[in-house]
Amino acid sequence: LSDHASSLTCAGSATPVAGWSTCQTTDQYWSNTSNGLNCLLPGPRGGGQPWNTPLQVACQNEVVRTALSDPSGVIYGTMYTYTDYSRTFHVTAAFDGEAGSQLLYSYLDGSHSVSLFVDSWPNFNSVTPQYSIWSQLQTSAPFSCLTLSIPLGTVCDPETSIYLPNPVTTLPPPQGNYGCYCTNGPNQGAAFCPTINLEAAGELVAFSLQITAGRYAVSSAGCGASTGTVTVGNWNMLGTNSFLGIYAVPDCASQRPPVP
């Protein structure tokens, strides 16, 4: 199909075409939306791949598509951003693939990472990400597509905190906390740091997505070994030669329309 990437790296049936790989991903190549965590791609009903989620889940049916690229301008896929009717901001990164090569994120590879910075535009001093630990990505199988979801009403303030899922046992006390952990300021060390609210219609949200993933030399035998890593995201979205973009929150006040 036009307007989206395809991958020749996955097995297409019980008896795959010779040369196709048996490399399996957690998201099953953009098709697994299990628990709403793996790969959410809202699109028109009956539109076929890559759409796996009804467009009506997005406020005002608004889904923004942006190239997923590295600092040299090479495009590795597509980023989808939208807000649902619970005022949750979703960022989906869908990696392209080609015969014999596939960009994959693997939690088991210590050189890989996924980080997201979210704040109010233009009221921020840096783009240091406050979100970098993702429980849903801690699986043994890699990802060719992943979705990051942030409730806009309770965004961790990047100036004072980082997000820590529960449980956390490797960081200073208090341990086992859930939510925004204060790293500085008057509440330093507190398990529940004050959050910021970005859910108002028309709010301009600054965000920076950075994913360091590996290019895998896939084969009929499986995923194979990584041939190196690359960092991709919303590079140069604003023409600033940086991983930084702006998202305008749509009006989610109306009731969600029924899904056909």
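Computed from a prediction, not measured in an experiment: that's the story for all the values here.
- Using a 4.5 Å heavy-atom cutoff, the side chains of Ile75 and Ser69 are in contact.
- Asp157 places no side-chain N or O within donor-acceptor distance of the main-chain N or O of Pro194, the cut-off being under 3.5 Å.
- Transitive grouping of hydrophobic side chains (ILVMFWY, heavy atoms separated by less than 4.5 Å) brings Tyr107 and Leu146 into a common cluster.
- Panel note: side chain Arg87, backbone Cys252; a donor-acceptor pair is recorded below 3.5 Å.
- Taking all atoms of both residues into account, the shortest heavy-atom contact from Pro158 to Asp119 is CG-OD2, 3.3 Å.
- Interatomic distance, Asn234 CG to Ser242 OG, rounded to the nearest 0.5 Å: 8.0 Å.
- Taking 4.5 Å as the limit, some side-chain heavy atom of Val64 sits within range of a side-chain heavy atom of Thr66.
- Under the 4.5 Å side-chain criterion, counting only non-hydrogen atoms from C-beta, Ser226 is in contact with Tyr216.
- Hydrophobic clustering places Val127 together with Ile246 (ILVMFWY residues linked when any side-chain heavy atoms are closer than 4.5 Å, directly or through intermediates).
- Considering Cys182, Cys156, Cys180 as possible partners of Cys193, the one that fulfils the disulfide (SG to SG under 2.5 Å) test is Cys182.
- If you check the gamma sulfurs of Cys23 and Cys223, they are less than 2.5 Å from each other.
- The minimum heavy-atom distance linking Trp134 with Val114 is given by the pair NE1-O, 2.8 Å.
- Cluster annotation: Leu238 is not connected to Trp235 through the hydrophobic network of ILVMFWY side chains, with a link wherever side-chain heavy atoms come within less than 4.5 Å.
- Proximity of Val155 to Val205: side-chain heavy atoms (C-beta onward) are nowhere separated by under 4.5 Å.
- To the nearest 0.5 Å, atoms OG1 (Thr81) and CE (Met237) are separated by 6.0 Å.
- At least one side-chain heavy atom of Leu164 sits under 4.5 Å from a side-chain heavy atom of Ile133.
- For the side chain to side chain contact (heavy atoms under 4.5 Å, CB included) criterion with Leu103, the lone passing option out of Leu68, Val230, Thr229 is Val230.
- Minimum interatomic distance between Tyr82 and Glu62 (heavy atoms only, all atoms of both residues): CB-O, 3.4 Å.
- The main-chain N or O of Asn125 is found under 3.5 Å from a side-chain atom of Glu159 such that the two form a donor-acceptor pair.
- Inter-residue side-chain proximity for Asn184 and Thr160 is flagged as met; some heavy-atom pair is nearer than 4.5 Å.
- Judged by distance alone, with hydrogens and angles left aside, the side-chain atoms of Asn236 form no donor-acceptor pair with the main-chain N or O of Gly73 at under 3.5 Å.
- In this pair, Phe117 and Phe124 present their aromatic rings perpendicular. The plane angle is above 60°, beyond the 30 to 60° band.
- By the 4.5 Å heavy-atom criterion applied to side chains, Tyr85 and Cys59 are counted as neighbours.
- Shown here for Gln24 and Ala141, the closest heavy-atom pair between the two residues is O-CB, 4.2 Å.
- A tilted orientation is assigned to the rings of Phe143 and Tyr105, their planes being inclined by 30° to 60°.
- A continuous path of hydrophobic side-chain contacts links Val249 to Met79 [ILVMFWY only; heavy atoms under 4.5 Å].
- Atom OG of residue Ser149 and atom CG of residue Asp84 lie 7.5 Å apart, to the nearest 0.5 angstrom.
- Side-chain contact check for Ser161 and Gln130: no donor-acceptor pair (N or O, by modelled atom type) lies under 3.5 Å.
- Between atom CD of residue Gln136 and atom OG1 of residue Thr26 there is a gap of 11.0 Å, rounded to the nearest 0.5 Å.
- Put simply, the side chain of Thr78 never gets that close to the backbone of Ala94: no donor and acceptor are under 3.5 Å apart.
- Linking ILVMFWY side-chain heavy atoms closer than 4.5 Å, directly or via other members, places Tyr80 and Leu244 in two distinct hydrophobic clusters.
- Between Leu209 and Phe243 the shortest heavy-atom distance is O-CD2, 3.6 Å.
- To the nearest 0.5 Å, the span separating CD1 on Ile196 from OG1 on Thr154 amounts to 10.0 Å.
- In terms of modelled atom types and a separation under 3.5 Å, the side chain of Asn52 and the main chain of Trp30 share a donor-acceptor contact.
- The side chain to side chain contact (heavy atoms under 4.5 Å, CB included) test applied to Gln28 returns Ser31, Asn32, not counting sequence neighbours.
- Judged by distance alone, with hydrogens and angles left aside, the side-chain atoms of Thr92 form a donor-acceptor pair with the main-chain N or O of Leu40 at under 3.5 Å.
- Side chain of Gln210 to main chain of Leu116: no donor-acceptor pair is present (N/O by atom type, distance under 3.5 Å, no hydrogens or angles).
- Within the model, atoms CG of Leu152 and CG of Asn197 stand 8.0 Å from one another, a figure rounded to the nearest 0.5 Å.
- Among the candidates Asp27, Ile211, Leu104, the single residue satisfying the side chain to side chain contact (heavy atoms under 4.5 Å, CB included) test with Phe95 is Ile211.
- Between Leu55 and Pro42, the shortest heavy-atom distance links the atoms CA-CB, 4.2 Å.
- Note: Tyr131 and Tyr163 meet the aromatic proximity criterion, with ring centroids under 6.0 Å apart.
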